[in-house]
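Below, chain A is the first sequence line, B the second, and so on; all start at residue 1. Values in this document were obtained by computation on a predicted structure and should not be read as measured data.
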Amino acid sequence: MLGNIPKAIDGLNAIILGKPVQIKLAMTCLLAKGHLLIEDLPGMGKTTLSHALAKVLGLEFQRIQFTSDLLPGDIIGSSIYRRSDESFVFHPGPIFSQVVLADEVNRATPKSQSALLEAMEEFQVTIDGKSRDLPKPFFVIATQNPFHQIGTYPLPESQLDRFLIRISLGYPSRSVERQLLTSQESKNLIEQLEPVMDGAELMKLQSKLDSVVVSERLLDYLQDLIDASRVNQNWSHGLSPRAGLSLLKAAKAWALLEAREHVIPEDIQAIWMSVTEHRLVSQSTANASSNQAVSDILKSVAIPR
Amino acid sequence: MKNIFSSQTAGKSNKAVYETSAQGDIKLLPIIIAQQLVLLPLYFFIPLWVVAFNLSLALLVYKSSINKTLVIPNYLKWFITLVALAGILYTFQRVTGRDAGVAFITVMYGLKIIEIKRIRDVYVLMILGFFMLLAGFLFEQSPAIAIYQVIPVTAILYALTSIHLIPSIALDEKLKQNFEPQAGIKKLLTYVAYALPLMAILFVFFPRMSGPIWKMLGQSQGVSGISETMSPGAISSLQLFETVAFRVKFDGKAPSEEQMYWRTLTLDHFDGFTWSRSKSQSAKRLHQNDVQQTGETNSATYKYDISLERTRQKWLTFLDRPHRWPDRSVLFGDFSIQTDHRILKRTRYHGVSEVGKRVGLQLSAKERASFIALPTDSNQRSLRWAKQQRQLFKNDQDYIFGLLRKIHNQEFYYTLTPPIMERNTVDSFWFDHQKGFCEHYAGSLVFMARAANIPARVVIGYQGGDANPVADYWIVRYANAHAWTEIWFEGRGWIRLDPTAAIAASRVEEQLRMDYSQRQGLFGDFGFESIDLDDLGWIKHMQYWIDELNTGWNDWILDYNRDSQQSLFKSLGLDQFKQSQISLMMIFAVGLILSFISYRWMHNKKRLLPMEKSFALLLSKTNKWQLSFHNNEGISQLIVRVKEIPKSKIDDQTQKQLIELLLEYECLSYSQTKLSNEQQKSFHKKVKQFKI
């Protein structure tokens, strides 16, 4: 049912040590056709994860380093005049790739950020009035530094909403760190990694999502959770309908990864934090990260029996 | 997915409603509808212009609530009010009394709608509505109007909730759904249903007054049916009233319809125009013993209960001839029975009659003289003719039968619209017109008999009846009112003779046959082709049902007075308590119901769905292991804990079964979009069978 996904996950676990949950969430995001946001400090292995993910799934990979002087054209490409036949020829930018790593996305100006986010939402880019489809599958992994660092333009709430899942890798444990220190350089490891599937196979798996069964009772639970987020006083806004849809999509993908053809409440609980945390902006700190109240909702809402 | 969107948009629109209503803009439509539903039953009893006035006022207010530019100015409101008051004064010349009073408050209540500015005004209008509902009962106390009350009550409650609950609707999505029109009305009907037991208790146990608190003025005093005199010539058109005169329930067998002559009183005095009852008739009172001794071999005895409708007279009606009568009444020599009070409400009494019994075998000279007395200054032609005719027959009996044969053979017609006969009524009926109804025939036959010195008298009462096929009783209506004769023959006593029955069937008016099927028994012997009303099907059937309902309503609801309350208490064994103690019990019972209802509301317990029930049952069976399972945890956590139970506390078999059940529960709950009833039932069964 899952094809080579377990193998891919095993391969990733061999490179990113001690982070099986984050790897599974990244896989979930990929299966649910969403985009992934990795929020962490530099040097935590964000880039390594993206690289490894693209490699193991046999997808093309491009990396865009976001800087404050990055222009939209640098992302989506531009038309350049060619003298030989006196015409403009489009030179596609790095976005025309199956997996795009947008590194440190909050360092770029909002104008460049929105060029990327538009492509993420529409799965196409418009240049010189002409729409160009992006390759399929199309998967953006954006990394960002925590907001409060100097020289960042925090993504607004509306754009955070475009990312299906947000994960954070965090420091490794002591034993894992020791392993990191003693093993080879991660760059070499990625090069050694064998692709276990290709884009076509991934798309086939993605289409399986539609056949995952969602019962009325589960929808009751999902709606109870959403309602709870809307009446909660900790945030200025509750979860949007798009957030509800994202929750359901992610839960389905998680269930699929668990080799189940129906969603159970535990699936929703597993993806809850990573799907909702960046969408619920705390009233008091205006900080989307580490929100105790988000996990409290899970504790307070009973599962309908 | 759709749900998420729709609930979002609905929430927004409700916020909008709330904001506008805060500006003093009240939704008027439910209020107007409730007001008009309250007034609807009254519209049948008040002048038409009041109805038109109220309706157009409501329409005007509704228009102005939609079209903001249409504002009713204050001076116009004053003008409308003054016009309405003037109209009432002009129509009734006063504002007191039932008709004028109700019309007056109806107009005032109708006017109230133009004053609505704030929510407080709506409260006043709607709460007044509950009071206005009572006004309808001043005119009509039928079960239909009582059942109808449910509609305006619900409408008032709906109007009140629709204005009152808007703020909370905006806050609470779930509450809002309760007050969308359809679901809201359903909910309100359940609230009304909650009130029913309270109503029943208060009705049964609330202390009853011994008499009506007030007497309504302006009620019609007219009496239909039987009156104490009979003036055949003066009537040009007899109305057949379908109004019920009385109902009879036979104890045992019932007589045939031809034998059903319901006797009320006799008329023995004729002044040339009007037959009336002379005082001397009441001089002779018969006792039970006097009547019982005169038994006959070819007579049949019937026992029955009569429930007589209000007559405003003292006479009681019995099957001819009465044999046993109620204690508080007297039987006079002419077999008329009178009570000591007027029948002002439905009265029930028991009677025994012997059909075909001979009475009055002996007639004193004085009595005889009074039964042949006739005025000599009128109807000369008839007097002479009768004397001549008598000569032609050898005895009285032949003479009388000769008269009946004449009625049968000659051109005598039965009609309800006879010509008016002013003087010499018997002459003009017998010789000129030969058209009339029972009173003409009975009066003339008695006249002819007396003219030939044969004692005779007119009997008035009812003939026939209508068996209610649904219930075991007969209905006798005003249309059954009838007059016949009794003629005294030497050695045979008073013999009943009905000249109307002698009319040839072909000469009974066609129209009458159609309308007047109640008397089919009367004309049946003459080949009258009767219409069988039972074949008319469900409409007639319904009418009988409705009649039974009305009877029950009268007996149990309207006639529930102090006496029937006392006897009910007695049969319930409550007669040992004082009235005040019973009242205390009533208050206690009402309080109990109220607290039960409010308990239900406060602890608005969601009713368990079948799966919920099964799961709760399964969970309760695991109590002894103290699994500390929280309601926000999934089944997998529970399974983990079941696996963690030490082996000493659980045997493998039970553990395995429990885990299987939990897995099945999870599979049932989430692997299908919806569960069938059978699946839920079979799972519940499994859980029940699971033993620890």
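- Here the straight-line distance linking atom CG of A:Leu298 with atom CD of B:Glu633 works out to 11.5 Å at 0.5 Å rounding.
- Taking all atoms of both residues into account, the shortest heavy-atom contact from A:Arg217 to B:Tyr670 is CB-CE2, 4.2 Å.
- Only the side chain of A:Glu266 has a heavy atom closer than 4.5 Å to any heavy atom of chain B.
- Side-chain N or O atoms of B:Gln672 include none that pairs as donor or acceptor with a backbone N or O of A:Ser215 at under 3.5 Å.
- The salt bridge (charged side-chain N to carboxylate O under 4.0 Å, His left out) analysis of residues 153-163 of chain B, with sequence neighbours excluded, yields no pairs.
- Enclosure of atom CZ in A:Phe123 by more than 12 non-hydrogen atoms of other residues, nucleotides or ligands within 6.0 angstrom is indicated.
- Near-neighbour residues of residues 657-669 of chain B relative to chain A, defined by a heavy atom under 4.5 Å from a heavy atom of that chain, comprise B:Tyr665, B:Glu666, B:Ser669.
- Closest heavy-atom contact between A:Gln269 and B:Asn632: NE2-O, 2.7 Å.
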